[in-house]
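The structure appears right after this line, and notes come after that.
Please read all numbers here as calculations on a predicted model, not as lab measurements. Sequence lines set the chain letters: A, B, ... in the order given, protein chains first and strands last, and positions in each chain run from 1.
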Amino acid sequence: MRAIVWKSATVLILIYVAVMGFLGPVPEREILYETIRNLYFHVPMWFTMTAMFITSLVYSIKYLNTKQESYDVWAVEFANGGILFGFLGLTTGMIWAQFTWGAWWSFDPKQNGAAVTLLIYLAYMVLRNSITDSKSRAKVSAVYNIYAFAAMVPLIFILPRLTDSLHPGAEGNPAFSGYDLDGTMRLVFYPAVIGWIMLGVWIVSLRVRIRNIKDKMYESSL
Amino acid sequence: MKAAYSALAFIALPLFTLAAKYEPVTWDKTFRESGKIFVVVAVVLLILLSVFGYLITQDRRISKIEKELKNK
């Protein structure tokens, strides 16, 4: 019953975002023009990716503390969800960059940092698949997951802010100054972030349940 | 009436482009009012609703299998 409530809330929030994202008023900015609306769609991808990776990290730490297998399942599926939203963030950013910075890829520190982060998380999946014993797979990949998160923080949140970047945020918080994000946009932007994170959790939970069913069927066949 | 406006715009356009350099930032606001932006909203809504529908059916299917496994 509670599941129905938050899942229908997800649907309603994202419908609101899609409608207001296109029809709502936006501030007038040079170069950006109507593409400023991408803030409602491109940026929440990164917020969702970060939320997924943080949750994945928490489950990995929980696994190392308790050695409970279900935590490992949640950790890997949240990492998978993070990778999905990370790639969406990267590709939507490339489209936006082509029409505002003039190139799909300009080897901007933000772009490079995000790409390297995703490669590190892809390596997490490769590492998992290379270990057959389920106990050592869970343990090794949990430790690697902590390393991956520790690498993501400087690659995305620290290093790009220390150098010149085309991407907003070199001067502090990206896209959060009054100039970039005014009050009317916040009314759509914050729901967008919450809605996409909820959708991410929904997708992850489905994958976890499928994994649990598979495990159960495997156990009963033994 | 519309034709008169567009004719006027056609004549005045070179003047506007000259003046544009010194004008504050604006773009064609009619893009939202009569530029058929609603078509895009409809398309995006269709895609979103399809994804939601897909998720809901998968959710139900998984719940069913979970119940079957429980009753086994």
Side-chain donor-acceptor pairs of residues 81-96 of chain A under 3.5 Å, sequence neighbours excluded:
from: Thr91(A); atom 1: OG1; to: Phe87(A); atom 2: O; distance (Å): 2.7
from: Thr91(A); atom 1: OG1; to: Leu88(A); atom 2: O; distance (Å): 3.2
from: Thr92(A); atom 1: OG1; to: His42(A); atom 2: ND1; distance (Å): 3.0
from: Thr92(A); atom 1: OG1; to: Leu88(A); atom 2: O; distance (Å): 2.7
from: Thr92(A); atom 1: OG1; to: Gly89(A); atom 2: O; distance (Å): 3.1
from: Trp96(A); atom 1: NE1; to: Thr35(A); atom 2: OG1; distance (Å): 2.9

Item to complete: Please list, chain by chain and in numerical order, all residues satisfying salt bridge (charged side-chain N to carboxylate O under 4.0 Å, His left out) with Arg211(A), sequence neighbours excluded.
Response: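 Expected list: Glu77(A).
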Worksheet item: Partners of Glu66(B) by salt bridge (charged side-chain N to carboxylate O under 4.0 Å, His left out), sequence neighbours excluded?
Response: Arg209(A)
Structural part of [X] lying under 4.5 Å from a heavy atom of chain A:
X: Ile62(B); answer: both
X: Leu69(B); answer: side chain
X: Leu49(B); answer: side chain

Item to complete: To the nearest 0.5 Å, tell me how far Asn145(A) CG sits from Tyr59(A) OH.
Response: 13.0 Å
Practice prompt. Quick one: do Arg128(A) and Tyr124(A) satisfy side-chain contact (heavy atoms from CB on, under 4.5 Å)? Show the steps, please.
Written response: CA-CA 6 Å; Arg128(A) 282 190 71 89; Tyr124(A) 167 76; 3.7 Å; yes
Item to complete: Identify the residues of residues 6-21 of chain A whose heavy atoms come closer than 4.5 Å to a heavy atom of chain B, ordered by number, or report 'none'.
Response: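 Contacts with chain B: Lys7(A), Val11(A), Leu14(A), Ile15(A), Ala18(A), Val19(A).
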Worksheet entry | Close side-chain approach of Leu199(A) to Leu55(B), heavy-atom, < 4.5 Å | yes
Worksheet item: Sub-3.5 Å donor-acceptor pair from the side chain of Gln111(A) to the main-chain atoms of Trp105(A), do we have one?
Response: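 Such a contact is absent between Gln111(A) side chain and Trp105(A) backbone.
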